[in-house]
Amino acid sequence: MAPDMEPKKIIIDTDPGIEFPPVSVDDAMAIFVALNSPEVEVIGLTTIYGNVYTTLATRNALHLLEVAGRTDIPVAEGSHLTLTKGTKLRIADFVHGADGLGNQNFPPPKGKPIEESAVAFLVRQAKLNPGKVTVVALGPLTNIALAVQMDPEFAKNIAQIVILGGAFAVNGNVNPAAEANIFGDPDAADVVFTSGADILAVGINVTHQVILTSSDREILANSNGKYAQYLHKILDVYFSYHLESYNTKGVYLHDPTVVLAAVDPSLVTCIEGVVRVQTSGITRGLTVLFNKQKRFGEIHEWSNKPTVKVAVTVDAPRVMKLVMDRLLDS
Ligand SMILES: O=c1[nH]cnc2c1ncn2[C@@H]1O[C@H](CO)[C@@H](O)[C@H]1O
């Protein structure tokens, strides 16, 4: 980063499990990577259900900031329901452990979330710093969709929304059609993708290329870095889940990859087009990108909608090096 450049302000919207579900372990890693990235200033965490319920995500977010010694960063609690007020949430605790942090039963955090809701916090920060705040969305998109609906200026005020979500032209990870974050609230995802905001979507077609191996884990275990020390302990559930589900001895680094794409967009290449989300039926949660290569004879559901950027390639070795450097040097 050039010395005269101000760090980019980011808000991380996150569903951090810490142990169980093993999926949330990558949220924890992503938060630590962001906190140790001089290119960005984390101005807040907002919480959402996904790997765990929202209440536990809030608790875990506070806990992770305490581990990092960054209790100056506010945590705003997000929605407990989907955009359409659905209460039957799909919680992926089998991926990250029941506590979302690898089943470690950490003591409860001392801190509390701020009084303001996640949605009010997002809207206020975007208005306060128009064009300056990037949201990194690591869970289902309910909070962001509510912000879009609450303030017609939100999509314009926000600098960029970098989304971990979608499975573009590949199978999903919940079922063959859907990726977990989009599946968590497909209606919200469709609102966000068509909101007109500057959006970069990084789907599992890209994040599945970034893998932390057992030997990387050994390196973390043998380091004195506080983030490395903390993370290697909570990785067990996540490793077992990957071995069982994908027959791999490594784990996908979804969330850290997306944080780093926000930190340094040159880590990914993108195509631009209109993304719509299937909100019902057997392909609920499917993300379909229209690449605008054909002029269709008829008006369709993608016609006249704003375009977004969708990541198609990633410099995985460079992402891995950044993740390891930033976790080891802590
Ligand atoms: O099989 C799964 N079910 C639910 N969530 C998952 C699964 N695999 C990974 N993730 C979680 O969902 C996001 C990426 O889609 C990541 O946050 C990851 O931790």
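Order of listing sets the numbers, starting from 1, for every ligand and every atom in it.
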Show me the donor-acceptor pairs within less than 3.5 Å that the side chains of residues 281-288 make with the rest of the protein, sequence neighbours left out.
from	atom 1	to	atom 2	distance (Å)
Arg284	NH1	Thr279	O	2.7
Thr287	OG1	Ala167	N	3.3

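- The nearest pair of heavy atoms linking Lys127 to Asp151 is NZ-OD2, 3.4 Å.
- With a 4.0 Å cut-off on non-hydrogen atoms, Tyr252 does not touch ligand 1 at all.
- Remark: Asp325 engages Lys321 in a side chain to side chain contact (heavy atoms under 4.5 Å, CB included) (not counting sequence neighbours).
- Counting heavy atoms closer than 4.0 Å to ligand 1, residue Asn173 contributes atoms from both its backbone and its side chain.
- In summary, the atoms of ligand 1 found under 4.0 Å from a heavy atom of His254, numbered by their order in the structure, are 9 (C), 14 (C), 16 (C), 18 (C).
- The number of heavy atoms from other shown groups lying within 6.0 Å of NZ (Lys226) is above 12.
- Counting the atoms of ligand 1 from 1 in the order shown, those under 4.0 Å from a heavy atom of Glu179 are 13 (C), 14 (C), 15 (O).
- When all heavy atoms of Ser223 and Ala228 are compared, the closest pair comes out as OG-CB, 3.5 Å.
- Contact annotation for Leu164 and ligand 1: only side-chain heavy atoms (C-beta onward) come within less than 4.0 Å of the ligand.
- Residue contacts with ligand 1 for Asp255 involve side-chain atoms from C-beta outward but no N, CA, C or O (heavy atoms, distance under 4.0 Å).
- Considering every non-hydrogen atom in both Val268 and Ala311, the closest pair reads CB-CB, 4.2 Å.
- On a distance-only criterion, Tyr241 and ligand 1 share at least one N/O pair closer than 3.5 Å.
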